[in-house]
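First listed ligand is number 1; within each ligand, the first listed atom is number 1.
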Amino acid sequence: MSKKIGILTSGGDCAGLNSVLKAVTYRAILGYGWSVCGIRQGTEGLLCDPPDVCELTLDDFDSATAKLGGTILGTTNKGNPFNYLMPDGTYKDRSKEVIEGCHRLGLDALIGIGGDGSLKILHDLFSKANVPFIGIPKTIDNDLGSTERSIGFSTAVEVSTEALDRLQPTAASHDRVMVLEVMGRDAGHIALSAGIAGGADIIIIPEIQYNFDKIVSKINELFKRGRNYALVVVAEAVKTQEGEALSVIDPVTGRAHYSGIGHYFSDQITKLTGAVTRFTILGHVQRGAQPLAEDRVLASAFGVRAVDLIAEGKHNRMVAWQDREVIDVPVLEAIEKYSAVDPKSTLVKTARGLGISFGD
Ligand code: F6P
């Protein structure tokens with residue numbers, strides 16, 4: 001039986017999303033003869049009258065698709081339809097309008113690509129709409145516990161590693177301590193992997209409580225051994241010594257986002273060691289990069305399997321990567337299983353084995 005499936009990208013963009021869109025479109029059309037309805041700007045597209053959508057066809061993608069960053073459908077991380085910020089500053093439940101938009105399109109199923117927040121909203125919306133839902137995990141934060149990897153993480157780690165590679169020569173040329181602030185709300189996975197790969201001396205993550213005395217002694221020890229520079233990676237969600245999260249409110253969306261811990265660390269290190277420090281906030285360059293092969297492959301495997309799950313009549317499942325295979329798990333279970341960095345994990349032990357300090 002011919003089906004019409006909807007697809008949308010939701011939450012922050014990341015590298016690899018266009019490979020998912022291609023995989024879903026190709027599998028649906030070539031494998032099952034279905035049509036694919038691309039919904040623009042996440043659920044925002046369903047709030048438009050008429051819904052802002054386009055039919056995705058084989059001709060919309062070619063060999064160059066995989067190397068495109070971002071998402072050709074656009075996305076949103078501000079419009080939770082259950083608690084939607086209206087232009088007058090009030091909040092309104094607009095979930096019914098999204099559901100109506102979905103019914104107007106006559107969708108037989110919907111595939112949503114998102115992180116934990118988006119997947120929860122999409123799951124709740126499409127359960128209410130009685131439309132079978134399949135989730136695909138993407139987040140540079142890699143904090144969904146049911147999947148070993150989420151789309152976008154590998155590319156973000158690569159960008160952060162490259163930043164350390166570029167900071168090292170300038171640090172060594174000027175006898176400086178370089179502090180690199182990387183993303184990861186609220187987990188330290190990017191900082192940990194990039195710190196190991198990029199030869200950091202100190203990695204500060206929210207999961208391990210730091211102490212400035214330990215950071216100072218690590219820097220002094222390096223300098224005593226003849227090193228003239230140090231590389232420090234700090235995850236954006238790390239708090240100040242007083243326990244304050246450094247964030248700013250976006251005046252348009254009303255959403256808080258982290259900003260400033262790299263600057264704070266840089267100032268503290270100068271004050272406590274006398275070293276010349278500089279800080280770099282990597283920010284969204286971690287998201288917009290050309291996707292690494294690893295993210296393209298993962299995205300393709302997730303997209304194909306998501307369509308197959310619909311064909312098998314499964315719904316409210318999320319595809320996940322485990323032991324070299326794509327498996328599927330209940331969406332709600334996947335969202336509940338948050339994965340922060342385990343201080344006893346192999347990668348933390350690896351970093352410690354390399355002499356990297358966590359400031360503890
Ligand atoms: O969740 C992905 C992420 O990139 C986080 O690492 C970061 O804190 C956040 O999104 C930034 O969001 P925004 O794009 O709204 O600034």
Side-chain angles (χ1 to χ4, degrees), residues 8-17 20 41-44 69-71 73-80 83-85 112-122 135-147 149-161 163 180-195 203-207 233-239 244-264 279-289 291-292 295 298-299 318 334-335 337-341:
L8 57 80
T9 43
S10 186
D13 72 310
C14 65
L17 296 176
V20 189
Q41 305 299 134
T43 46
E44 293 282 322
T71 157
L73 286 180
T75 184
T76 180
N77 64 2
K78 61 180 164 65
N80 174 358
N83 195 26
Y84 193 92
L85 177 61
I113 311 161
D116 55 354
S118 301
L119 291 179
K120 168 88 174 89
I121 292 168
L122 295 173
I136 297 183
K138 65 88 225 169
T139 164
I140 65 166
D141 305 344
N142 207 31
D143 53 2
L144 278 157
S146 301
T147 184
R149 276 191 289 134
S150 294
I151 299 164
F153 173 66
S154 301
T155 304
V157 169
E158 185 67 23
V159 171
S160 308
T161 303
L180 177 68
E181 178 182 319
V182 297
M183 279 185 167
R185 190 169 56 202
D186 289 281
H189 296 291
I190 298 175
L192 177 58
S193 288
I203 299 174
I204 306 295
I205 55 176
E207 296 86 346
V233 185
V234 56
E236 61 175 1
V238 167
K239 296 192 167 103
E244 187 195 350
L246 297 183
S247 60
V248 291
I249 304 282
D250 183 309
V252 179
T253 63
R255 272 169 50 96
H257 60 93
Y258 289 120
S259 179
I261 195 68
H263 191 169
Y264 169 81
F279 65 91
T280 302
I281 301 177
L282 211 42
H284 293 78
V285 296
Q286 293 158 96
R287 295 221 308 239
L292 278 191
D295 276 322
L298 184 70
M318 184 192 86
I335 293 160
K337 237 175 154 186
Y338 182 77
S339 162
V341 170

### Task
Name the orientation class of the two ring planes belonging to Phe153 and His189 (parallel below 30°, tilted from 30 to 60°, perpendicular beyond 60°).
perpendicular

### Query
With atoms numbered from 1 as shown, which atoms in ligand 1 lie under 4.0 angstrom from a non-hydrogen atom of His284?
13 (P), 14 (O), 16 (O)

### Task
Please tell me if the side chains of Cys14 and Lys138 come closer than 4.5 Å, counting only heavy atoms from C-beta onward.
yes

### Query
Numbering the atoms of ligand 1 from 1, which are under 4.0 Å from a heavy atom of Glu236?
5 (C), 6 (O), 7 (C), 8 (O)

### Message
Only heavy atoms of Arg255, strictly under 4.0 Å: list the atoms of ligand 1 that pass.
### Response
15 (O)

### Query
Which atoms of ligand 1 are found less than 4.0 Å from any heavy atom of Ile140?
4 (O), 6 (O)

### Message
Considering both backbone and side-chain atoms of Thr139, is one of its nitrogen or oxygen atoms within less than 3.5 Å of a nitrogen or oxygen in ligand 1?
### Response
no

### Message
Any non-hydrogen side-chain atom of Pro206 less than 4.5 Å from a side-chain atom of Lys239?
### Response
no

### Protein contact to atom 6 (O) of ligand 1 [nearest heavy atom, distance to 0.1 Å]
Asp141 OD1, 2.7 Å

### Task
Specify the protein heavy atom at minimum distance from atom 15 (O) of ligand 1: its residue, its atom name, and the distance to 0.1 Å.
Asn77 ND2, 3.0 Å

### Message
When you compare the side chain of Ser160 with that of Gln286, does any pair of heavy atoms fall below 4.5 Å?
### Response
yes

### Message
Considering non-hydrogen atoms of the protein only, which is the closest contact for atom 4 (O) of ligand 1, and what is the distance?
### Response
Arg287 NH1, 2.9 Å

#### Entry: For ligand 1, the portion of Thr253 having any non-hydrogen atom under 4.0 Å away
neither

### Query
Is there side-chain contact between Leu282 and Leu180, with heavy atoms separated by less than 4.5 Å?
yes

### Side-chain touch Leu144/Ser339, heavy atoms, less than 4.5 angstrom
no

### Query
So is Gln286 in contact with ligand 1, going by heavy-atom distances below 4.0 Å?
no

### Message
Can a side-chain donor-acceptor contact be found between Thr71 and Asp13 if the only test is distance below 3.5 angstrom?
### Response
no

### Message
For Tyr258 and Asp186, which I'm curious about, is there any donor-acceptor pair between the side chains at under 3.5 Å?
### Response
yes

### Message
Please check whether Gly184 reaches ligand 1 - meaning an N/O of the residue sits under 3.5 Å from an N/O of the ligand, judged on distance alone.
### Response
yes

